[in-house]
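Here the structure is a predicted model, which means the values were calculated and not measured. Both counts, for ligands and for their atoms, begin at 1 and track the order of listing.
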Amino acid sequence: MLETVPLTLLAANMLFLLTAALVWAGLSQVLVIGQRTVLLLALANALLAASLGCNALRGIAWDGLSYWGANMMAISSFALLRQSIPTAIGAAPSWWPTLALLAVAGLLLAPMPPDSDWMPVINFSCLSLLMGFTSFETWRHLRRRLKLALALGLCSPLILVTALLLLRLALLLQGSGARIRDASVGNVAWLWAVLLMGLVLNATLAFMVLMRLILRIRRLTERDALTDALNRRAFGALLSREQAQLARGQGHALVMLDVDHFKRINDTLGHAAGDAALKHLVQQLQGCLREADRLGRLGGEEFGVLLPLSDQAGALLAAERMRATLQAHPLLWQGQPWPMTASFGVAVAQAPHDDADALMQRADAALYRAKEAGRNRVEAD
Ligand SMILES: Nc1nc2c(ncn2[C@@H]2O[C@H](COP(=O)(O)OP(=O)(O)OP(=O)(O)O)[C@@H](O)[C@H]2O)c(=O)[nH]1
C-alpha cells in the first residue's frame with residue numbers, strides 16, 4: 001500500500017505540471033504581449049514533468065535518459081524559469097550566465113556513472129543557484145517599482161522554493177537523499193514539497209503576468225500613442241483630482257502650450273516630420289519638468305502641463321524655462337535643423353469652485369493672447 005504513495009504523488013506532480021504547461025501554451029496563443037515569456041513558462045513546466053517521468057523510470061529505461069537526461073531536463077527547466085520570471089515583470093535578464101551554467105552542468109554530469117552520489121548534488125546545486133538568482137533579480141526589480149509589502153509578497157514564493165531546494169541539497173550532502181520512487185517518509189515529504197513548489201510558482205507567475213498585462217492596458221488607455229504623453233482624458237482626470245486637493249489648501253497651476261506655425265512643418269517637410277516634431281517637443285519639455293509635474297497632449301499640437309503645489313510666479317518660471325528650451329533646441333530633420341517655438345498660457349487654480357474646465361479655459365485664453373501678441377512667448381491669466 002505504502003509503495004503506491006510515491007507513484008501516486010509522482011503522477012499527480014506530472015499531471016499538474018503538464019496541465020500548467022498546456023494552460024501557458026494556450027495563453028501564448030491569445031496574449032498579444034508577453035507571448036515569449038508565457039511560451040518559456042509552458043516549456044519549463046513541460047520539461048520539469050518530463051524530468052520527473054524520466055526519474056521515475058530509473059532502472060527500467062536507458063540510464064542516459066533516466067539519470068543524465070532527467071537531471072539536464074530539470075536544470076533546463078529552472079534555466080527557463082530564471083529567464084522568464086524576471087521577464088514577466090518587465091526585467092530583461094541576460095541569457096549568457098544561464099547558458100554558461102547549463103554548459104558547466106552538462107560537462108560535469110556527462111562523465112559521471114549513473115549511481116554517482118555527486119549527480120544529484122550537482123543537480124540541486126544548479127537548481128538552487130538558478131532559483132536564488134531568480135529570486136534576487138525579481139526582488140531587485142520589484143523593489144524599485146512596488147511598495148515594500150507587495151514586492152516582498154511576490155518574491156516570497158520564489159524565496160520559499162529556493163529554501164526548499166537548498167534544504168534538499170543539504171540533505172543530499174549529509175547522505176540522506178532518497179530515490180524518487182522510495183516509499184520513505186522523507187521521499188514522500190519531498191514529493192509533496194515538489195507539488196507545493198509547482199503550485200506556488202505557477203500561481204505567482206500567473207499573478208505577475210496578469211499584473212503586467214493590467215499595467216500595460218492601463219498605460220495604453222492613459223497615453224497618447226505618438227508622444228507617450230498623457231492623453232486628454234487622463235490629463236483631465238488628473239486635473240480634476242488635483243482640483244479636489246484645493247480645498248485642503250494645496251494650489252496648482254496649469255500651463256497650456258501650442259506649437260507655433262506647426263502647419264508649416266507638415267506642409268514643408270511632410271507629416272512624418274510633423275510627428276517627429278511632436279515627439280521632439282515632448283522630449284524637450286519632459287527634461288524641464290519636476291518629477292511631480294505632468295504633461296498631457298490635449299489634441300493636435302496643443303499640450304498641457306500640470307504643476308502641483310505651484311503659484312503663479314513658479315508657473316511662469318516653469319513656462320519660460322520650457323519656452324527657452326524649445327527655442328534653443330530645434331528639430332533635427334534629415335540632418336537639417338528646423339526652428340521650433342511654442343506659445344504658452346498660464347493659469348493658477350484659485351478656489352475649490354473653480355473646476356478643471358474653467359481652469360483650462362483661463363489657460364487657453366492666456367495662450368490665445370500669447371499667439372495674438374506674436375507667438376513664442378508666455379502669457380498669464
Ligand atoms: N504631423 C502631425 N500633424 C498634426 C497632428 N495633429 C494635428 N496636426 C496638424 O497640426 C496643424 C495645426 O495647424 P494650425 O491649427 O493651423 O496651427 P499652426 O500652424 O500651429 O498655427 P498657430 O497655432 O496659429 O501658430 C494642422 O495642419 C494639423 O493637421 C499630428 O498628430 N501629426
Would you please test T37 and T87 for side-chain hydrogen bond (donor to acceptor under 3.5 Å, both in side chains) and show each step?
-> CA-CA 6 Å; T37 308; T87 317; 5.0 Å; no
Could you give me the CA-CA distance, side-chain angles and deciding distance for N71 and N123, then say whether side-chain hydrogen bond (donor to acceptor under 3.5 Å, both in side chains) is met?
-> CA-CA 6 Å; N71 284 326; N123 181 28; 2.9 Å; yes
Give the C-alpha distance, both sets of side-chain angles, the deciding distance and a yes or no for side-chain hydrogen bond (donor to acceptor under 3.5 Å, both in side chains) between H329 and Q283.
-> CA-CA 11 Å; H329 297 90; Q283 216 174 15; over 6 Å; no
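Atoms of ligand 1 lying under 4.0 Å from any heavy atom of G274, numbered from 1 in the order shown and given with element: 1 (N). Less than 4.0 angstrom separates some heavy atom of G300 from each of these atoms of ligand 1: 6 (N), 7 (C). Atom numbering of ligand 1 starts at 1 in the shown order; those under 4.0 Å from a heavy atom of R375 are 22 (P), 24 (O), 25 (O). Using a 4.0 Å cut-off to heavy atoms of V259, the atoms of ligand 1 that qualify are 20 (O), 23 (O), 25 (O).
Polar contact with ligand 1: absent for R264 (N/O pair, distance under 3.5 Å). At under 3.5 Å, not a single nitrogen or oxygen of D260, backbone or side chain, sits near a nitrogen or oxygen of ligand 1.
Under 4.0 angstrom from ligand 1, the non-hydrogen atoms of N266 all belong to its side chain. Here L278 has side-chain heavy atoms under 4.0 Å from ligand 1, and that is the only part of it that gets that close. With a heavy-atom cut-off of 4.0 Å, D258 touches ligand 1 through its side chain alone. The side chain of R297, and not its backbone, has at least one atom closer than 4.0 Å to an atom of ligand 1 (non-hydrogen atoms only; side chain from C-beta on).
Not a single heavy atom of E302 sits closer than 4.0 Å to an atom of ligand 1.
For atom 32 (N) of ligand 1, the closest heavy atom belonging to the protein is D275 OD1, 2.7 Å. Protein heavy atom nearest atom 11 (C) of ligand 1, with residue, atom name and distance: F262 CD2, 3.8 Å. Of the protein's non-hydrogen atoms, the one nearest atom 22 (P) of ligand 1 is K371 NZ, 3.5 Å.
Side chains of S51 and N55 form a contact here, defined as non-hydrogen atoms less than 4.5 Å apart. Using a 4.5 Å heavy-atom threshold, the side chains of Q83 and T134 count as separate.
Other residues, nucleotides and ligands contribute at most 12 non-hydrogen atoms within 6.0 Å of the CZ atom of F136.
Comparing heavy-atom distances from atom 15 (O) of ligand 1 across H261, E301, K263 singles out E301 as nearest.
Taking the charged nitrogens against the carboxylate oxygens, K263 and E301 have no contact shorter than 4.0 Å, which rules out a salt bridge. Comment: D63 does not engage R58 in a salt bridge, judged by the lack of any side-chain N to carboxylate O separation of less than 4.0 angstrom.
Linking ILVMFWY residues whenever their side-chain heavy atoms come closer than 4.5 Å, directly or via other members, leaves L239 and L309 in distinct clusters.
Here F124 and W190 bring their ring centres to under 6.0 angstrom of each other.
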